[in-house]
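Here the structure is a predicted model, which is why all the values come from computation and not from measurement.
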Amino acid sequence: MNVQIWSDYVCPFCYIGKRKFEKALENFAHKDQVQIVYKSFELDPNAPLHAEQDMIETLAGKYGTSLEQAREMTRGVTQQAKEVGLAYDFDKMKRTNTRDAHRLTHWAASQGKMEELTERLLQAYFIESKHIGEHETLALLAEEAGLNKEEALEILTSDAYTSEVEQDINKASRIGVTGVPFFVFEEKWAVSGAQPVEAFEEVLNKVWEEQQGSGFIHMTSKEGSEDQACKDDSCSI
């Protein structure tokens with residue numbers, strides 16, 4: 001079974017959704033036959049490398065809320081992250097542009113290390129408050145994921161894998177992805193958002209049983225949808 005996951009490294013629900021999907025996969029009888037491919041998605045392609053505003057100020061400006069309302073929004077997300085073993089601290093997160101991180105992930109895929117680097121980047125951003133837009137930081141994270149640091153720097157200082165990132169983004173647009181995380185099973189079934197573990201378990205079993213079917217099973221949270229932009233279970237552009 002092939003599972004494609006569109007996500008961005010600054011999307012808090014992408015990390016939460018990753019953990020929930022991993023838990024569901026642990027309980028899946030055919031987990032050894034599941035191939036996961038991470039796809040690039042940019043929530044803000046025009047985000048600066050070094051942002052002047054902190055995360056709370058950015059959220060307040062983006063959604064037209066007060067600073068306290070923005071902070072309350074992050075409290076809810078922080079609690080959801082805590083429930084899957086992730087300790088978020090929005091006050092320390094360093095907002096940045098993720099294009100280079102995505103390019104580096106495509107290179108990691110060519111080296112058989114896509115999953116390792118994806119996890120390392122998410123952990124670095126959300127848990128360790130590292131600046132994942134800076135080349136030196138990215139190269140160090142690549143090294144920690146089992147890749148060659150100098151080769152990583154060579155990739156970062158070139159435009160390598162730009163077309164691969166754009167292909168992912170264009171495909172997301174074609175199939176109607178407006179928010180992440182977005183999971184596509186066997187190019188037919190889709191799950192949007194950081195769904196409950198039970199929902200992922202259900203779709204894994206259903207896809208396994210109905211791989212000869214057609215069309216999307218497009219699941220969204222009962223509590224929210226993609227257009228709520230990071231308020232419930234997904235982040236949208």
Side-chain angles (χ1 to χ4, degrees), residues 5-20 38-84 86-102 121-134 165-166 168-183 190-196 199 218-237:
I5 306 174
W6 271 266
S7 62
D8 197 1
Y9 291 112
V10 294
C11 164
F13 288 106
C14 289
Y15 205 7
I16 294 171
K18 183 175 184 291
R19 281 291 183 270
K20 290 183 176 181
Y38 289 96
K39 296 290 188 178
S40 301
F41 192 93
E42 293 176 300
L43 289 170
D44 186 0
N46 300 313
L49 180 62
H50 296 281
E52 295 181 1
Q53 294 181 318
D54 63 25
M55 186 60 68
I56 304 301
E57 292 170 334
T58 299
L59 290 172
K62 182 174 182 178
Y63 303 124
T65 68
S66 67
L67 291 176
E68 183 51 40
Q69 287 174 317
R71 195 175 299 280
E72 182 61 30
M73 184 190 305
T74 65
R75 290 193 188 104
V77 179
T78 298
Q79 179 57 39
Q80 290 187 50
K82 184 177 180 180
E83 290 170 1
V84 294
L86 301 172
Y88 283 7
D89 187 344
F90 282 89
D91 289 324
K92 295 180 180 179
M93 291 177 192
K94 296 178 175 62
R95 177 172 165 258
T96 188
N97 191 289
T98 58
R99 172 57 67 102
D100 286 342
H102 285 298
L121 286 167
L122 288 166
Q123 181 184 47
Y125 183 77
F126 286 107
I127 310 302
E128 301 169 5
S129 304
K130 292 185 182 294
H131 196 300
I132 63 168
E134 296 177 342
V165 173
E166 292 175 348
D168 283 355
I169 293 170
N170 290 336
K171 182 175 180 179
S173 179
R174 289 197 305 273
I175 66 176
V177 181
T178 59
V180 287
F182 194 87
F183 303 75
V191 175
S192 176
Q195 297 293 328
H218 195 153
M219 301 173 66
T220 56
S221 172
K222 294 180 180 179
E223 298 179 357
S225 61
E226 295 169 18
D227 61 3
Q228 288 186 288
C230 286
K231 292 184 180 178
D232 289 305
D233 61 1
S234 67
C235 295
S236 62
I237 50 178

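Judged by distance alone, with hydrogens and angles left aside, the side-chain atoms of Asn97 form no donor-acceptor pair with the main-chain N or O of Pro48 at under 3.5 Å. Of the possible polar contacts, one joining the Asp54 side chain to the Glu57 backbone as a donor-acceptor pair under 3.5 Å is found.
Within 6.0 Å of the CD atom in Glu52, the count of heavy atoms belonging to other residues, nucleotides or ligands does not exceed 12.
Contact detail for Lys20 and Pro196: the closest heavy-atom pair is CD-CA, 4.3 Å. Of all heavy-atom pairs spanning Leu121 and Ile132, the tightest one is O-CG2, 4.2 Å. When every heavy atom of Ser7 is checked against every heavy atom of Cys14, the shortest pair comes out as CB-SG, 3.4 Å. When all heavy atoms of Asp8 and Val180 are compared, the pair lying nearest together is N-CG2, 4.2 Å. Minimum heavy-atom separation, Phe41 to Ile169: CA-CG1, 4.4 Å. Residues Leu59 and Thr65 approach most closely at O-OG1, 4.4 Å, considering heavy atoms.
One distance of note links CG of Leu49 with CG of Asp100; it measures 7.5 Å at 0.5 Å rounding. Put simply, CD on Glu83 and OG1 on Thr78 are 11.0 Å apart, with the number rounded to the nearest 0.5 Å. Summarising the geometry, atom OH belonging to Tyr38 is positioned 8.0 Å from atom CG belonging to Leu122; distances are rounded to the nearest 0.5 Å. Considering OG1 of Thr58 and OH of Tyr63, their distance stands at 10.5 Å, rounded to 0.5 Å. Interatomic distance, Ser173 OG to Glu166 CD, rounded to the nearest 0.5 Å: 13.0 Å. Distance check: Ile16 CD1 to Arg19 CZ gives 11.0 Å after rounding to the nearest 0.5 Å.
The shortest distance between side-chain heavy atoms of Pro12 and Phe126 falls below 4.5 Å. For the pair Arg174 and Asn170, the minimum side-chain heavy-atom distance is below 4.5 Å. Under the 4.5 Å side-chain criterion, counting only non-hydrogen atoms from C-beta, Ile175 is in contact with Trp6. Counting heavy atoms from C-beta on, the side chains of Gln69 and Met73 never come closer than 4.5 Å.
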task: Given side chain to side chain contact (heavy atoms under 4.5 Å, CB included), test Phe90 with Ile56 step by step and report yes or no.
output: CA-CA 7 Å; Phe90 282 89; Ile56 304 301; 4.3 Å; yes
- prompt: Can you check side chain to side chain contact (heavy atoms under 4.5 Å, CB included) on His50 and Thr96, steps first, answer last?
  reply: CA-CA 6 Å; His50 296 281; Thr96 188; over 6 Å; no
task: Decide side chain to side chain contact (heavy atoms under 4.5 Å, CB included) for Lys18 and Phe183; before the verdict, give the C-alpha distance in whole Å, the side-chain angles of both, and the deciding distance to 0.1 Å.
output: CA-CA 10 Å; Lys18 183 175 184 291; Phe183 303 75; over 6 Å; no
Lys39 vs Ile5, side chain to side chain contact (heavy atoms under 4.5 Å, CB included): CA-CA, chis, key distance, verdict: CA-CA 6 Å; Lys39 296 290 188 178; Ile5 306 174; over 6 Å; no
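Taking a cutoff of 4.0 Å between a charged side-chain nitrogen and a carboxylate oxygen, Glu128 and Lys94 do not qualify as a salt bridge. A salt bridge links Asp91 with Arg71: the distance from a Lys NZ or Arg NE/NH1/NH2 to an Asp or Glu carboxylate oxygen falls below 4.0 Å. Ion pairing between Arg75 and Glu68 holds under the 4.0 Å rule for side-chain N and carboxylate O. Taking the charged nitrogens against the carboxylate oxygens, Asp44 and Lys62 have no contact shorter than 4.0 Å, which rules out a salt bridge.
Ring pair Tyr15/Tyr88 is parallel by interplanar angle, where below 30° counts as parallel and above 60° as perpendicular.
His102 and Asp168 share no donor-acceptor pair across their side chains, judged by distance under 3.5 Å alone.
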